[in-house]
Structures are given as C-alpha cells and as structure tokens.
Amino acid sequence: MFRRNDASDDLPSISRQSFMDAQAEGLMMPPEIEQGNVEYKLQLVNTPPERIEHLISQLKWRLAEGYGEAMYEIGVSDKGSLVGLTQHDLDASLATLKKMGTALCADVSVIRERVVTADDTVPARKVAEVLIRRCLSDHHHFLEVRVAIIGGADAGKSTLLGVISNDEADNGRGKARLNLLRHRHEIASGRTSSISHQILGFDPHGTPINYASNNVSTWAQICEASSKIITFLDMCGHPKYQKTTLSGLTGHSPDHACLIIGANSGVLPDVSREHLRIAVSLKVPVFAVITKIDIATPQQLTRTVGALLSLLKSPGIRRVPLVVQNRDDVVVSASELAGMAVIPIFLTSSVTGENLPLLIEFFNLLPKHPTANLVSLADEPLEYQVEEVYEVPGAGTVVGGKLLAGRVVLPRSPHPSDQHVPAADGTHHLHHHQKNAPPLTLTILQQQQQVFYIGPDRGVFAPVAITSIHRHRCPVNAVHAGQAASFALTFLSANNPDGNADEGATTTTVPPLSSAPAAGTSAQSPTSTSTPTPPPPLQATTTTTSFRLRKGQCILTCPAHPTWVFTAELSVLHAGTAGPLVANTHAVVYIHSVRQAVRVVRVVEEPSGAGDTGGGGGGGGGGATPGPLIVELRFLVEPERILEGRALVMRGVAGLKCVGKVLAVPYEVPPEEEGGGRGQGR
C-alpha cells in the first residue's frame, strides 16, 4: 500500500512552512492588523481590573470579526516577533484569557504550544496559539460554514462525506455513500445527480459531533450539541449534471470549496479543472483532498499531484500549494485559506482512514468566508434568495435558501398545532402551522407579523407571511443575514377578507421605486448621462391562483423592479468551437440562484489586449478571449431581480464558458409595452 511520505520528495515547489517554525529560521510573523479575528498578545500577567474590561471589549470585537471565533497568539509582539514566555507567565496569561472568555460566554482552547528558544536555554520560552469560540446562547445559534464538495465523477466525494459524517470507514465498494444518495438511480449508478446536504458539528472544545457520537441520531441533536456546524453541499461530478453543480456553486453561496481528486486516476479530469477555475473566478477559497491513496501506486499519485500542481500554477489561478502533513500544517492552512493565496492539499483514504483526523481538525478550524459585515447587513432591508421549493401536504409552501440581508423574527405563533415541514435538503421536521387554516388576509396579518413579498413571477411579487422558520431541521424564532434557513409561507389576499380565492389572479398597485425609464423609452447604457424618469407602478399579485413559485426568486420587504436587460463584464474561460462571443449568441446564465437563458444583445466593449483570464479551463479546443468583455445581455423567458456586483457564470453552445460580474442593471419595461415579442431585443 502506498503511503504519502514515500512520494513527499517527488512533490516539487510545495510550501511546508509552518506558522510557529518561523523562529527556527530567524523569521517573523506578519505584523498584527486591526481587522480580522487574530490578536497578538505578548503577555497577560498581573492585569488590573480596568485593563481586563478593555481586553474583554477587544476580545468581543475579534469574536465579531470572526463570526464567533477568534485566534489569540500569546507570547507574540504586535510587530510579529516570537518573543515567548516562561511556563509560569504562559499559564498566567492563559488563565487571564479564560477569565475574559468566561465574561463573554466563550470557550478557550489551546491549539498548540511551541518552544522558541534554543534547546540549552533555561528557562525555555514558549508561544501558544489559542482558539476562542462562543458557546451556545441557546441550541439554535451556531456558526455555520458551508463547504461545496466539487470534482469529477468517481473521485470519491460522497464516500468521503459518508465516512466523515458516520465516523465509519468505507468497505472499498461505496458502502459509506449510501446514506447520502437521494434517488434510486443514484444508488444503482453510484453517481450523484442532485445536490445533497450533510453536516458535521463541533462543540466549543473542538470535539467532532456526528452520527457516531453518543445519543445523536438526527440533525437536530447534532445542532443542539454543536457551536459550529460544517454544512457539506455534495455536488455532481458527471458532465451530464454540470448545470446542477453550477447552480450549487452560484446559488447556494458556499464559504469554501473542497476539490476531490482520485489518486488512482493519474490525471486531472477536465470536469475537475473546470470546477476549480469557476470556484477561483467566483472568489471562493478552495482546498484539495486527494482520495484513494490506499489503492494508488506511487507513479499514479505522483502524476496526479503533478497535474494538480501544474494547474495551480497556471495563469488565472496562481495559488501556492501546501501539502498538509501534521497538525501545524493544519493550523497554517486554515489561517491562510481565507486569503485565497494558499490551497491546502490533503492525501487521504476513506478505507484506511489515513490522514482523516487531520482533515477533521482542519474543518474545526475552518473560518467563515470573510464577506461583507454581517452585523451591518442584518440592519438592511430583508433579502432572502430561494434555493429550493417544496409543497408539503398539511403544511403548505416551504422554501429553502439563505438570508443575504436583514433579519426575520417571528411573533407569537398563531398556529398552535404541529405539522411536518421539509428542511432545505428535502427532509421533514416539525413546525407550528394550523392544518387546513384559511388564507390570512393582509389586514389580519399586519396585526400579527410583518408582510413580505416573494417574486418576481413574470414581473410581479406576491405578499406572503412567514409562519415558521427552521435551521437544519431545528425550529427557531429568528434568523439574520448570513444564515441558511427554510421558511413556511402563507400567501395573503388583500382583496378577499373572507379568505376565499378569487377566479384568476388580481393585482394591486404598490408604491413605485425610483430610477427607471418610462414606458416607450429604452434603458440607459452604463455611460449614458441622461436623467431617468420615474418607472411605472410595481404590481404585486394578491392571490396564488396564477403565481408560480420557483427557484431563483427572492423574498423582500417591498416589491422590487425586475429587469430584462443588464450589462455584464465577462472573461471567457473557454470559447469552444463557436468562435468569439458576438451579438445574438444564446447561453444560460447563473447569478446566485437565478438560472435562465439569455441572448447577447451587443458587445459594448471589446478586449483591449492580452489579459490574464485563466483561459483554457474545461479542457479541449478553443482558447480564451484575451481580456474581459463588456456585453449587454437580455433574459429570454421573464425578467429577474439581480443586483450590480453579483458574480455570474455563463455557459453556451459548443463549449462556451464565461465568468464575470454584473456591471449595471438598467430598468426596462416588459417587451409587450415596447411592442416587441417575448425574448426579443431592445
């Protein structure tokens, strides 16, 4: 059986520099920065009470920056010098740190200690790395980190997740993956065709909590005992299901992506190359796990790792690989991953369990992706993206997705009876919802809880009430920005106080928004200087007779203006055999959970010269266009609500693959008002 260390000398240009090994080579740590969740402390000895109060406020800030987690380096100066402390001073500093954590209901765990003086130095001086994690205020508020599992078919993605979640080794024939597969044809073929969910919990001390833990058999029990939850999104690897994988990468908003590669393949499949390039283009931090090292020969593993290293060094990616060999490398890779300059590489086996403890420790230290400030986003107007839609008998309409902004707080539940509601992955659980209850009216519901609007469906929004909220199958009373949850919805009727549905859908006028052209005028280009006129009034449907609920919609505080046309900046990863991107090119665009066919109206700006776009992705034929393109795109089916700055992925005929972002979203009236047909250009 092949072991990782047998080929360690054959892996060229791999970074192995450990964080606390810097002193041995006369190096220093990077200077401390004010942002982030890492704090340097030279010592915390004989601290007066007034100083303790200041330190507690500082710890509270670091915990907020890390979404409930902070890392303290004890014995390190603000400039990054590894000074070290005697054992007595180090113990006193750790005692002070634990006192600070107790004041904030946070647990303090020493990750590692290291002697930074010579062997003959007396007394020896040490530095310590300490993880501080908030304890649960109740069994609903846990830190969630989403990890997308990507890679080609037959790489062992589902098998690895089955081993991690059940703490039971695979038998070599895929036994561990059976609990993750959702459909009969998946079990028969062994290939995932849908996005499945699995979780792994950690308590405040970093102990893994899964189905192998005592008295744990459900998701709810894992969440109740965990202060941190890793949510795995198992993607499809077969080329036949790539549109599902793209929907998961763009719509499910993962914090990190885990690229799974089979060591026995000897090559890097084209699907894996495409997944890696798209994840990097979407600015999702990536780490790699090479599986099946128990059956791979040294030559196969060397070729596989060599192909991965070549891809990591290619234009458009240019990442530093780090093969994780010990616990120090785990801490280094977890701390450096958010900067997206380093890609950790794990060499594992799901049969023998080799190096899986290092991978699980890595998940324990894995930080949440440093996106926008979630504290400030929680005070913004509500924005919830719909990723999944369910219709459950006795419970009604349920949607699963992620809250991008704002917060939802349930009042006292008006429905006392318990019914089953599916979670975001399709499984059922309990919530409070009155069976066979008549539709609530806007007047009644406004006295109980807030009215939201879901849409757009053909340009209109429908008023709804959120009657139940669940996170990972656990009922909760509130969620805020950055959390994934499922909502049970009740559609409202403003024109029908008795709760009976009208024949056909009716509409009611909603106050208009600003900055949209009037009917009969075209949308302004991004470089136009003319002043836009007020848009026509928004329409909100008041019955569900004709309203279609689908993925890609959103729930907002107020109805918004959907658009038919938008401007995007695109980098062509692979032009395919159809030639350069020109007007009237048809493709499918993915923007968050929105997935719809589009047409290129016109190319606004051609590339000015050769650029680094990460071309050549996806393998085979057709190079990438030098430099980014600015194009105007038009939805072909119905208008959508999209925002400027959102990342997008576009796939077209003949292998066309593009990534980029939305530059401008000009308002546009429907094509019927312009005199055009469905799907026509401006």
Side-chain angles (χ1 to χ4, degrees), residues 144 146 148 194-197 231 233 243-254 377 380-392 395-408 410 421-427 431 450-473 476 479-492 540-541 544 546-563 588-596 635 637-643 646-649 662:
E144 181 189 10
R146 283 186 157 193
S194 60
I195 300 175
S196 60
H197 297 65
T231 302
L233 308 173
K243 63 179 182 180
T244 302
T245 300
L246 286 180
S247 296
L249 283 174
T250 58
H252 286 68
S253 303
L377 284 177
E380 298 291 330
L382 178 73
E383 181 183 1
Y384 175 88
Q385 66 175 19
V386 177
E387 300 170 359
E388 301 290 344
V389 178
Y390 311 100
E391 193 70 30
V392 181
T397 302
V398 177
V399 295
K402 186 175 182 179
L403 198 63
L404 302 181
R407 68 183 75 214
V408 178
L410 289 181
V421 171
D425 65 337
T427 56
H431 86 112
Q450 189 175 0
V451 177
F452 301 102
Y453 293 87
I454 188 170
D457 173 37
R458 290 159 290 184
V460 299
F461 285 74
V464 295
I466 298 175
T467 57
S468 175
I469 305 175
H470 283 71
R471 293 189 65 203
H472 290 306
R473 311 178 193 176
V476 298
V479 290
H480 56 75
Q483 295 181 338
S486 58
F487 294 159
L489 303 180
T490 298
F491 283 85
L492 309 177
T541 182
T544 60
S546 63
F547 188 88
R548 301 174 304 174
L549 196 60
R550 58 177 175 83
K551 299 178 184 179
Q553 292 176 333
C554 56
I555 299 178
L556 307 172
T557 305
C558 298
H561 277 288
T563 183
V588 177
V589 70
Y590 301 80
I591 308 174
H592 272 213
S593 57
V594 173
R595 185 179 72 183
Q596 191 180 144
F635 291 114
V637 180
E638 59 181 307
E640 299 280 5
R641 180 190 179 270
I642 57 177
L643 297 179
R646 293 278 170 89
L648 66 85
V649 177
V662 179

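Just so it is clear, the model here is predicted, and its values are computed rather than measured.
In plain terms, the two heavy atoms of L489 and T467 that are nearest each other are N-OG1, 4.4 Å. Taking every heavy atom of both residues into account, F452 and T557 meet most closely at CD2-CA, 4.3 Å. Closest non-hydrogen pair, V389 versus K551, comes out as CG2-N, 4.1 Å. Shortest non-hydrogen contact noted between V476 and L410 is O-CD1, 4.0 Å. Nearest heavy-atom pair, G455 versus F547, reported as atom, atom and distance to 0.1 Å: CA-CZ, 4.1 Å. Residues V398 and S486 come closest through the heavy atom pair CG1-CB, 4.3 Å.
By the salt bridge (Lys or Arg N to Asp or Glu O under 4.0 Å) test, R458 pairs with no residue at all, sequence neighbours left out. The side-chain contact (heavy atoms from CB on, under 4.5 Å) check on S593 picks up Q385, with sequence neighbours excluded. E380 meets the side-chain contact (heavy atoms from CB on, under 4.5 Å) test with L377, A405; sequence neighbours excluded. Residues that satisfy the side-chain contact (heavy atoms from CB on, under 4.5 Å) test with A484, not counting sequence neighbours, are E144, R146. Not counting sequence neighbours, the partners of E640 by the side chain to side chain donor-acceptor pair (under 3.5 Å) test are R550, Q596. Contacts of Y384 classified as ring-ring contact (aromatic ring centres under 6.0 Å, His included), with partners at least two apart in sequence or in another chain: F487.
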(request) Quick one: do V479 and R471 satisfy side chain to side chain contact (heavy atoms under 4.5 Å, CB included)? Show the steps, please. (result) CA-CA 9 Å; V479 290; R471 293 189 65 203; 3.8 Å; yes

(message) For a side chain to side chain contact (heavy atoms under 4.5 Å, CB included) check, start with the C-alpha distance between F491 and I454, then their side-chain angles and the critical distance, and finish with the verdict.
(response) CA-CA 9 Å; F491 283 85; I454 188 170; 4.0 Å; yes

(message) Run the side chain to side chain contact (heavy atoms under 4.5 Å, CB included) test on F635 and V637 for me, step by step, so that the C-alpha distance in whole Å, both residues' side-chain angles and the decisive distance to 0.1 Å come before the verdict.
(response) CA-CA 6 Å; F635 291 114; V637 180; over 6 Å; no

(request) Could you give me the CA-CA distance, side-chain angles and deciding distance for I469 and V408, then say whether side chain to side chain contact (heavy atoms under 4.5 Å, CB included) is met? (result) CA-CA 9 Å; I469 305 175; V408 178; 3.7 Å; yes

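Taking NE2 from H197 and NE2 from H252, the interatomic distance works out to 4.5 Å, rounded to the nearest 0.5 Å. Summarising the geometry, atom CG belonging to L403 is positioned 8.5 Å from atom CD belonging to E383; distances are rounded to the nearest 0.5 Å. Annotation: the span from E387 atom CD to T250 atom OG1 amounts to 9.5 Å, rounded to 0.5 Å. Atom CZ of R548 and atom CG of D457 lie 4.5 Å apart (nearest 0.5 Å). One distance of note links NE2 of H592 with CG of L643; it measures 8.5 Å at 0.5 Å rounding. Between the CZ atom in F461 and the CD1 atom in I555 there is a gap of 10.5 Å [rounded to 0.5 Å].
Residues R595 and V589 are not in side-chain contact: their nearest non-hydrogen atoms beyond the backbone lie 4.5 Å or more apart.
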